[in-house]
Amino acid sequence: MGERSRASFDLTDPLLARAAWSRIAEPGDQVAGALVTHLGAVGSLGWLYEVVDDPRRLALGALEGRDERPAGDRLVRAVERWRGRLPGLDPARELGAFGRIGGRLVVPEDPRWPAALDDLGAEGPLALWVRGRDDLAALSARSLALVGARACTDYGRHVAADLAVGLVDRRFTVVSGGAYGIDAAAHRGALAAAGQTVAFLAGGADRLYPAGNTDLLRAVLEQGSVISEVPPGSVPSRVRFLHRNRLIAAFSGATVVVEAAWRSGALSTATHAAALLRPVGAVPGPVTSMASGGCHRLLRDAKAVCVTDAAEAAELGGRAGTDAAPVGEGRSEPQDGLDEVGRRLWDALPLRAHAPVESVARTAGLGSQETLGGLGHLELVGLAEQSGGRWRRLGG
């Protein structure tokens, strides 16, 4: 009896097919992504059961009347990977259990699907297991990722929280990975500002990980979403963490690395964002801090722009013009706005003792008449005073 006859669910149900594929294939599986794109979730799943039931179909390279192209070595190896997860596969049961804890499976055919993830192509997620707010399209529409090292400093933690608060004030969704360090600070900042925040997990969304952030992630559920592309019960792994980073980068309008060491995993999120043509920002730190070495590397290699506050972060991920950061202005000086003659006279006037016009003219390198006219203007604007025909500076 073939594998297909042992399927315990409706193979023609698109939602169940998507849920099944999320269990069968690992995150970022390009072969699975291409197959589902080519045949659809239902068609590709049915084809897989047929091939497992009759391996000659794969050897002949026929996609059962739909495509006569040779299967290729990649597809052969992929089927070998996938076949081990078919026995006992029961997406209907998993969806039911996930629904009982308030979860929902969001698929590309759903209007709530974040279209930004489609930029990942064949590496994109086949489905998303979501707890909390499930309108991911709305959450993604105006969003920005704040990422960084788990082993962060107080400086990095403070900056991440401040950026999150400022972004919430500007109606951004704050996106991160739910981990310790910078991720947690970003989520907490957004929650403190009563804003929306999204956490992408590397394991199943039914298991809030890491355990030390359970209370934080429960709070995220109240004001945003906890999302995973792997089904309930899945455990996180290093590879899944790295693949998770591509989702953070693609979902968000821009990515800002707050604090990251030279080899920090957070830099992979920046790399994914840049590959997707998403803006990347980096927060500078002390040049002596190893915790900021990765940020400085991004800036030095011109892979990111410098971000020092929420306004600059919003400019990266917001709308052109509307979210432009204000032009920074230095401390104003009394002589600002003076013409060249005025500035030269301002510099030539003594601060305490009054000086005769001839002395001021000589110091400024101006003629007497030009000096008298200029001093009169300075007096009118309150920058000079005279006493008995002698002058001194005011306001500085």
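Scope of the values below: all heavy atoms of this structure, side chains included, with no hydrogens, waters or symmetry mates.
The shortest side-chain heavy-atom distance between Met290 and Trp262 does not fall under the 4.5 Å cut-off. Looking at Glu26 and Arg85, their side chains come closer than 4.5 Å, going by heavy atoms from C-beta outward. Counting only heavy atoms from C-beta outward, the side chains of Arg131 and Phe98 approach each other to under 4.5 Å. Pro27 has its side chain within reach of Val230: a pair of non-hydrogen atoms, C-beta onward, lies under 4.5 Å apart. Contact annotation: the side chain of Leu75 approaches that of Val31 to within less than 4.5 Å [non-hydrogen atoms, C-beta and beyond]. For the pair Trp391 and Leu345, the minimum side-chain heavy-atom distance is 4.5 Å or more. Proximity of Leu144 to Leu163: side-chain heavy atoms (C-beta onward) are nowhere separated by under 4.5 Å. Side chains of Cys306 and Leu299 form a contact here, defined as non-hydrogen atoms less than 4.5 Å apart.
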CA sep, side-chain torsions, deciding dist, call: Phe9, Leu45, side chain to side chain contact (heavy atoms under 4.5 Å, CB included):
CA-CA 12 Å; Phe9 60 96; Leu45 187 63; 3.7 Å; yes
With salt bridge (charged side-chain N to carboxylate O under 4.0 Å, His left out) as the test, would you mind laying out the steps for Arg244 and Glu229 before giving the verdict?
CA-CA 8 Å; Arg244 180 275 311 268; Glu229 66 178 313; over 6 Å; no
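Separating the OG1 atom in Thr269 from the CG atom in Leu146 is a distance of 11.5 Å, to the nearest 0.5 Å. Atom CD of Gln386 and atom CD of Glu379 lie 5.0 Å apart (nearest 0.5 Å). Once rounded to the nearest 0.5 Å, the distance linking CG of Leu167 with CG of Asp162 reads 10.5 Å. Atom CG of Leu15 sits about 11.0 Å away from atom CG of Asp10, to the nearest 0.5 Å. Taking OH of Tyr180 as the reference point, atom CG of Leu216 lies at 10.5 Å (rounded to 0.5 Å). With values rounded to the nearest 0.5 angstrom, Leu139 atom CG is found 7.0 Å from Ile227 atom CD1.
With sequence neighbours left out, the side-chain hydrogen bond (donor to acceptor under 3.5 Å, both in side chains) criterion links Arg23 to Glu94. Shown here are the side-chain hydrogen bond (donor to acceptor under 3.5 Å, both in side chains) partners of Ser237, two or more places apart in sequence or in another chain: there are none. Under the side-chain hydrogen bond (donor to acceptor under 3.5 Å, both in side chains) criterion, Asp347 pairs with no residue at all, not counting sequence neighbours. By the side-chain hydrogen bond (donor to acceptor under 3.5 Å, both in side chains) test, Ser252 pairs with no residue at all, sequence neighbours left out. Every residue two or more places apart in sequence or in another chain that forms a side-chain contact (heavy atoms from CB on, under 4.5 Å) with His377 is listed here: Leu338, Val381. Listed by chain and residue number, Trp82 satisfy the ring pair (Phe, Tyr, Trp, His ring centres under 6.0 Å) test with Trp21 (two or more places apart in sequence, or in another chain).
Distance alone, capped at 3.5 Å, places no donor-acceptor pair between the His272 side chain and the Ala250 backbone. Side chain of Thr173 to main chain of Ser140: no donor-acceptor pair is present (N/O by atom type, distance under 3.5 Å, no hydrogens or angles). Using modelled atom types, no side-chain atom of Arg390 and backbone atom of Ser387 make a donor-acceptor pair closer than 3.5 Å. Checking side-chain atoms of Arg240 against main-chain N and O of Val235 turns up a donor-acceptor pair under 3.5 Å. Checked by atom type and distance alone, the side chain of Asp183 never pairs as donor or acceptor with a backbone atom of Ser176 at under 3.5 Å. Of the possible polar contacts, none joining the Tyr49 side chain to the Leu11 backbone as a donor-acceptor pair under 3.5 Å is found. No donor-acceptor distance shorter than 3.5 angstrom exists from the side chain of Glu259 to the backbone of Ser292, with no hydrogens or angles considered.
Closest heavy-atom contact between Ser225 and Leu136: OG-CD2, 4.1 Å. Counting all heavy atoms, side chain and backbone alike, Gly382 lies closest to Leu394 at O-CB, 3.6 Å. The heavy-atom pair separating Ser143 from Val175 by the smallest distance is CB-CG2, 3.9 Å. Here the closest non-hydrogen pair linking Ser268 and Asn245 is OG-ND2, 2.6 Å. Considering every non-hydrogen atom in both Cys152 and Gly181, the closest pair reads SG-CA, 3.6 Å. Annotation for Trp346 and Arg393: closest pair O-NH2, 3.0 Å, computed over non-hydrogen atoms.
No continuous path of ILVMFWY side-chain contacts below 4.5 Å connects Leu242 to Val280, so the two sit in separate hydrophobic clusters. Leu267 is connected to Phe200 through a chain of hydrophobic side-chain contacts under 4.5 Å among Ile, Leu, Val, Met, Phe, Trp and Tyr, so both are in one cluster. Connection of Leu247 to Val257 is established within a shared hydrophobic cluster, with ILVMFWY side chains joined at heavy-atom distances below 4.5 Å, either directly or through further cluster members. Connection of Leu16 to Ile24 is established within a shared hydrophobic cluster, with ILVMFWY side chains joined at heavy-atom distances below 4.5 Å, either directly or through further cluster members. Under a hydrophobic-cluster definition in which Ile, Leu, Val, Met, Phe, Trp and Tyr are linked whenever side-chain heavy atoms come within less than 4.5 Å, directly or via other members, Ile182 and Phe241 are assigned to different clusters.
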List the atom pairs, with distances to 0.1 Å, where a side-chain N or O of residues 105-130 and a protein N or O form a donor-acceptor pair under 3.5 Å, not counting sequence neighbours.
unit_1 : atom_1 : unit_2 : atom_2 : d
Glu109 : OE2    : Arg18  : NH2    : 3.0
Asp110 : OD1    : Arg112 : N      : 2.8
Asp110 : OD2    : Arg104 : NH2    : 2.5
Arg112 : NH1    : Asp134 : OD1    : 2.4
Arg112 : NH1    : Asp134 : OD2    : 3.1
Trp113 : NE1    : Asp118 : OD1    : 3.1
Asp119 : OD2    : Arg278 : NH1    : 2.9
Asp119 : OD2    : Arg278 : NH2    : 3.1
Glu123 : OE2    : Gln30  : NE2    : 2.8
Trp129 : NE1    : Ser22  : OG     : 3.1

Pairs of donor and acceptor atoms involving the side chains of residues 349-376, under 3.5 Å and at least two apart or interchain, shall be tabulated with distances.
unit_1 : atom_1 : unit_2 : atom_2 : d
His354 : NE2    : Glu385 : OE2    : 3.3
Thr363 : OG1    : Ser359 : O      : 3.0
Thr371 : OG1    : Gly367 : O      : 2.7

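None of Val220, Val174, Val165 except one satisfies the side chain to side chain contact (heavy atoms under 4.5 Å, CB included) rule with Leu191; the exception is Val220.
For residues 27-41, the salt bridge (charged side-chain N to carboxylate O under 4.0 Å, His left out) pairs, not counting sequence neighbours, are Asp29-Arg81. Identified under the salt bridge (charged side-chain N to carboxylate O under 4.0 Å, His left out) test for residues 295-304, with sequence neighbours left out: none. Pairs of residues two or more places apart, or lying in two chains, that qualify as salt bridge (charged side-chain N to carboxylate O under 4.0 Å, His left out) and include a residue from residues 215-224 are Asp215-Arg218. Evaluation of the salt bridge (charged side-chain N to carboxylate O under 4.0 Å, His left out) test over residues 143-156, restricted to residues two or more places apart or in two chains, returns Asp154-Arg157.
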